[in-house]
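Position 1 is the first residue of the sequence, and the numbers go up from there.
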Amino acid sequence: MALNLSKYQKWIPLILLGLFILSSLIYVAVVFRPTVDITVNDGEVLHIKSRGEAEVKVYKELPFKASYSLTTGEAYEMDLRYLGFSYLSEKDLERLDTISTKSFWGKFKPFFDTSQNQLIAVYPQRVFWLVPLEESIKTYPHLLKQEPQTSHLVTDDNKTLSITEPINGYQVEESDFVETTYNIGRTGTFENIPLQSTAIVAEDESYLLAQYPNLVQALEIPMPDDFTLSQNIKTAFYRMQNIYIAAGETLDISELMGSLNAESGYRTSGDDASYGVGVEQIIDTIKEMAYQNMTVLSYKGEFINIGDPGDGLTQLTVENTTGQDMVFSLAIRNNTLSVVLASK
């Protein structure tokens, strides 16, 4: 009896299509490794497998740090990527994010979407700002303003007291910084960029500090590598600097630091985190000195946080029961915060 295949012929295209789809899915799941082709400054074609690899290759070849020279004499350097600078557009980054995923569906799109095969050509003159500078600069206020440092008491290796010279601060207009920084992408110049600034004159307290020649105690705190913690410590430092406390006086150290919020210049590491994290290191250091030499009336520090964490990190009230006028003198030198306690 002859087998009649004619009635199955209409199913053949569907069967073949199903086999093709099945084999494609197996290939994508097991074999296929998506890549995006990138060239940097007309160099060789790079077959990139992830966003991280692309950024390493691109920023190894092209500049991304800008150095500014202020008219008041100061200079600083900034990684422009933190301000939204990029040689890759948002669309480029979306493509790279797609191939970076390890899931099956993350590989499915690059396999069937032919637009993923387009070459990304990166050039020094082809730059993008993923976030407007007017917005990103708010996260880095130190680029626009540096508070002045007054005179401070410091010690050397022999525990000898000396008084530092005051250091002026500076103020940069936001519009000038934004215009100058946008110009970097147009000119390709990243080094020694002139920036108009105004000096903020520091107060000289050397005459006052000279009245405290007797070293009582000195402690040092290494500045943290974390940017947010470091900036919070510096913000508190500029508000405190020299804390004079007369014999018999009671002083709330917390009030000197101000409110822990954005308006006071403190930072948060996330939407749900408290402002000012890091300043407890200053509070705890002063507390240790006060415990040994004065009287601590109230303290909530790193290990005793009650209620709002910000309040808990900064509550310290001390009374000078030594019978001598005292000063807590703070200084930042060589990436270290020092606290010197001296008496008249």
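Val318 and Leu330 fall within the same hydrophobic cluster, defined by Ile, Leu, Val, Met, Phe, Trp and Tyr side-chain heavy atoms under 4.5 Å apart, directly or through other members. Both Met326 and Met289 belong to a single network of hydrophobic side chains, linked directly or stepwise wherever heavy atoms of I, L, V, M, F, W or Y lie under 4.5 Å apart. When the side chains of ILVMFWY residues are joined at heavy-atom separations under 4.5 Å, either directly or via intervening members, Ile243 and Leu208 end up in two distinct hydrophobic clusters. Grouping the Ile, Leu, Val, Met, Phe, Trp and Tyr side chains by contacts below 4.5 angstrom, directly or via other members, places Val327 apart from Ile332. By the rule that hydrophobic residues join a cluster once side-chain heavy atoms approach within less than 4.5 Å of another member, Tyr87 and Met78 end up as members of one cluster.
Between Glu53 and Lys57, no side-chain nitrogen of the basic residue sits less than 4.0 Å from a carboxylate oxygen of the acidic one, so the salt-bridge criterion is not met.
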- request: Give the intermediate values and the outcome of side-chain contact (heavy atoms from CB on, under 4.5 Å) for residues Leu62 and Phe190.
  value: CA-CA 11 Å; Leu62 300 178; Phe190 285 77; over 6 Å; no

Exercise. Applying side-chain contact (heavy atoms from CB on, under 4.5 Å), run through Ile286 and Met240 and close with a yes or a no.
Key: CA-CA 12 Å; Ile286 296 177; Met240 302 169 77; 3.8 Å; yes

- Begin with the C-alpha distance, continue with both residues' side-chain angles, and end with the deciding distance and a verdict on side-chain contact (heavy atoms from CB on, under 4.5 Å) for Ile163 and Leu153. CA-CA 5 Å; Ile163 301 175; Leu153 289 174; 3.7 Å; yes

After noting the C-alpha distance and the side-chain angles of Leu341 and Met294, does the key distance pass the side-chain contact (heavy atoms from CB on, under 4.5 Å) rule? CA-CA 11 Å; Leu341 178 61; Met294 300 182 186; 4.0 Å; yes

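Residues Leu144 and Ile137 have side chains in contact (heavy-atom distance under 4.5 Å, counting atoms from C-beta outward). Side-chain atoms of Lys145 and Glu147, non-hydrogen and from C-beta on, do get closer than 4.5 Å to each other. Considering only heavy atoms from C-beta on, Met257 comes within 4.5 Å of Ile283 through its side chain. Residues Pro166 and Ser151 have side chains in contact (heavy-atom distance under 4.5 Å, counting atoms from C-beta outward). For the pair Tyr123/Asn41, a side-chain contact is recorded, criterion being any heavy-atom separation below 4.5 Å from C-beta on. Contact of the Leu93 side chain with the Leu130 side chain is registered, since non-hydrogen atoms from C-beta on lie closer than 4.5 Å. Two residues are said to be in side-chain contact when any heavy atoms from C-beta on lie closer than 4.5 Å; Phe328 and Thr285 fail this criterion. Using a 4.5 Å cut-off on side-chain heavy atoms (C-beta onward), Val122 and Leu88 make contact.
In summary, of the residues considered (Leu316, Leu251, Thr250), a side-chain contact (heavy atoms from CB on, under 4.5 Å) with Leu297 occurs for Thr250 alone.
The structure places CD1 of Ile245 at 13.0 Å from OG of Ser343, a figure rounded to the nearest 0.5 Å. One finds the OG1 atom of Thr322 at 11.5 Å from the NZ atom of Lys344 (value rounded to the nearest 0.5 Å). Atom CD1 of Ile120 is separated from atom CG of Leu96 by 5.0 Å, given to the nearest 0.5 angstrom. Summarising the geometry, atom OG belonging to Ser86 is positioned 3.5 Å from atom OH belonging to Tyr59; distances are rounded to the nearest 0.5 Å. The OG1 atom of Thr72 sits 9.0 Å away from the CD1 atom of Ile200 when rounded to the nearest 0.5 Å. Separation of atoms CG (Leu337) and CD (Gln281) is listed at 8.5 Å; rounding is to 0.5 Å.
Of the N and O atoms on the side chains of Asn232 and Thr235, not one donor lies less than 3.5 Å from an acceptor on the other residue. Side-chain contact, Asn242 with Glu205: a donor N or O sits under 3.5 Å from an acceptor N or O. A side-chain N or O of Gln217 and one of Asn293 form a donor-acceptor pair less than 3.5 Å apart. Inspection of the Ser206 and Asp204 side chains reveals an N or O donor paired with an N or O acceptor under 3.5 Å. In this structure, a donor-acceptor pair under 3.5 Å is present between the side chains of Asp92 and Ser89. Looking only at atom types and distance, the side chain of Ser254 has a donor-acceptor partner in the side chain of Asp252 under 3.5 Å away. Side-chain contact annotation: Ser264 with Ser259, donor-acceptor N/O pair under 3.5 Å absent.
Around the CD atom of Glu249, the shell of radius 6.0 Å holds more than 12 heavy atoms that belong to other residues, nucleotides or ligands. Atom CD of Gln171 is surrounded by more than 12 heavy atoms from other residues, nucleotides or ligands within 6.0 Å. Atom CD of Glu165 has 12 or fewer neighbouring heavy atoms from other residues, nucleotides or ligands inside a 6.0 Å radius. For Lys287, the NZ atom is densely surrounded, since the number of other residues' heavy atoms within 6.0 Å is greater than 12. Within a 6.0 Å radius of CD in Gln292, more than 12 heavy atoms belonging to other residues, nucleotides or ligands are found. Applying the 6.0 Å contact sphere to CG of Asp156 captures more than 12 heavy atoms from other residues, nucleotides or ligands. For Tyr140, the OH atom counts as densely surrounded, since its 6.0 Å shell holds more than 12 non-hydrogen atoms of other residues, nucleotides or ligands.
Within the 3.5 Å criterion, the main-chain N or O of Gly248 finds no donor-acceptor partner in the side chain of Asn320. Distance alone, capped at 3.5 Å, is enough to place a donor-acceptor pair between the Thr150 side chain and the Glu203 backbone. Distance alone, capped at 3.5 Å, is enough to place a donor-acceptor pair between the Thr71 side chain and the Ser197 backbone. Of the possible donor and acceptor atoms, none in the side chain of Asp37 sits under 3.5 Å from a partner among the backbone N and O of Leu119. Arg95 contributes a side-chain N or O that, together with a main-chain N or O of Gln118, makes up a donor-acceptor pair within less than 3.5 Å. The backbone N or O of Met223 lies less than 3.5 Å from no partner atom in the side chain of Ser230, so there is not a single donor-acceptor pair.
Between His142 and Phe227, the ring planes lie tilted relative to each other; the angle falls in the 30° to 60° range. Between Trp129 and Phe85, the two ring planes are perpendicular [angle over 60°; tilted spans 30° to 60°]. Taking the six-membered ring where the residue is Trp, Tyr299 and Tyr291 present perpendicular rings, their angle passing 60° and hence far from 30°.
Minimum heavy-atom separation, Ser338 to Val154: OG-CG1, 4.4 Å. Nearest heavy-atom pair across Pro224 and Ile233 is CD-CD1, 3.6 Å. Nearest heavy atoms, Leu260 versus Gly276: CD2-CA, 4.3 Å. Tyr170 and Leu143 get closest at one heavy-atom pair: CE1-O, 4.3 Å. Closest approach of Gly185 and Val127 over heavy atoms only: CA-CG2, 3.7 Å. Of all the heavy atoms in Arg239 and Gly258, the pair that sits closest is NH1-CA, 4.0 Å.
Sorted by first and then second residue, the ring-ring contact (aromatic ring centres under 6.0 Å, His included) pairs involving residues 194-220 (not counting sequence neighbours) are Tyr212-Tyr244. Sequence neighbours left out, the pairs with a member in residues 68-87 that pass salt bridge (charged side-chain N to carboxylate O under 4.0 Å, His left out) are Asp79-Arg81.
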